[in-house]
Amino acid sequence: MTYDDMLFGNRIAFTNVSIAAAMSISVNTENWMKLLRVIWVLVALMIVTPLAQADGTTNMEFTGVNGANNGVYYVSPYTGIMNYGTSNAQTVVLFCDDINNEVSTNQVWNANVTGLASGIFSNTRYGNGSINPHLGGTNPQTLYEEAAWLVTQFASHSGDYVSLQYALWDLMTPGAEPTNFANADGTTVAQWLALAAANYGQINPASFIIITNTGTLTYKGQVQEFIVQTPEPATAVLLLIGVVLMFLLIRRSPQHSA
């Protein structure tokens, strides 16, 4: 479930070849059907993999930090591996919402995976009122959606990792960090929290999961809880449509002699 950027090859120069000639490639029926089946399988795997992780368990490994810190703690984003030790192992980007617990590099643990869209937070540390003394009357769905919105801001505010991390920690544990703290762009923790409260409705809950250690949960003394943003299934569907349309166009193009 990481959000890897793919760089597509070198620029290739075509000389003396027209678009019509390029479209003259012939694909016979048998090869076409084989290719179509392969495309369907690949896209199905893209869709099923993130969904299969929701509301289950996984073996996790914490693999590293990005280097940003507040002088005491390293802050999000971190990296980890889901399904560690299996053929389905996946590198993921982790965002910590949990200042009350710790994790160390190369630590391995078993974790519950809670889909944010599920609306069931009994296996989370901060959405379960019997574990989180600060939850009170707060709606867990809203709490985690605000956290998810903050997660989406890291990519476009690389100079504000510490203030965004403080906002994540303060959201789940009010008063954990100073709300008047600000990073490079001057946005304070308090302002980030206000923005999260105003904009959390923009995120898609189906694109986020919560990673919490298994076993009887306690507020402190366990492994940190993390939020992971997963690829949206709709992206894979659009990819499928685009690829299929492309090959349909190739197949239906009039044949030209070389």
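Source: prediction; values computed, not measured. Excluded from the calculations below are hydrogen atoms, water molecules and symmetry mates; all remaining heavy atoms, backbone and side chain alike, are included.
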Quick one: does any side-chain atom of [X] pair with a main-chain N or O of [Y] as donor and acceptor, under 3.5 Å?
X: Asn101; Y: Tyr219; result: yes
X: Asn70; Y: Val162; result: no
X: Gln141; Y: Leu116; result: yes
X: Asn83; Y: Asn88; result: yes
X: Asn110; Y: Asn213; result: no
X: Glu61; Y: Ile81; result: no
X: Gln222; Y: Thr216; result: yes
X: Thr63; Y: Thr79; result: yes
X: Thr230; Y: Ser207; result: yes

If you measure from [atom1] on [X] to [atom2] on [Y], what distance do you get to the nearest 0.5 Å?
X: Asn112; Y: Leu217; atom1: CG; atom2: CG; answer: 7.0 Å
X: Asn69; Y: Gln165; atom1: CG; atom2: CD; answer: 11.5 Å
X: Glu177; Y: Asp170; atom1: CD; atom2: CG; answer: 6.5 Å
X: Ile227; Y: Leu94; atom1: CD1; atom2: CG; answer: 10.5 Å
X: Leu164; Y: Trp169; atom1: CG; atom2: CH2; answer: 12.0 Å

Does the side chain of [X] reach to within under 4.5 Å of the side chain of [Y], using non-hydrogen atoms?
X: Tyr144; Y: Thr124; value: yes
X: Thr152; Y: Ile203; value: yes
X: Tyr126; Y: Asn100; value: yes
X: Ile210; Y: Val113; value: no
X: Trp192; Y: Asn183; value: no
X: Glu225; Y: Ile211; value: no
X: Leu193; Y: Val189; value: yes
X: Thr218; Y: Ile131; value: no

Original post:
Relative to each other, are the rings of Phe226 and Trp109 parallel, tilted or perpendicular (30° and 60° limits)?
Top reply: tilted
Original post:
Which pairs with one or both residues in residues 125-154 pass salt bridge (charged side-chain N to carboxylate O under 4.0 Å, His left out), sequence neighbours excluded?
Top reply: Asp98-Arg125
Subject >> Aromatic contact, Trp149 with Phe208 (centres under 6.0 Å) >> reply: no
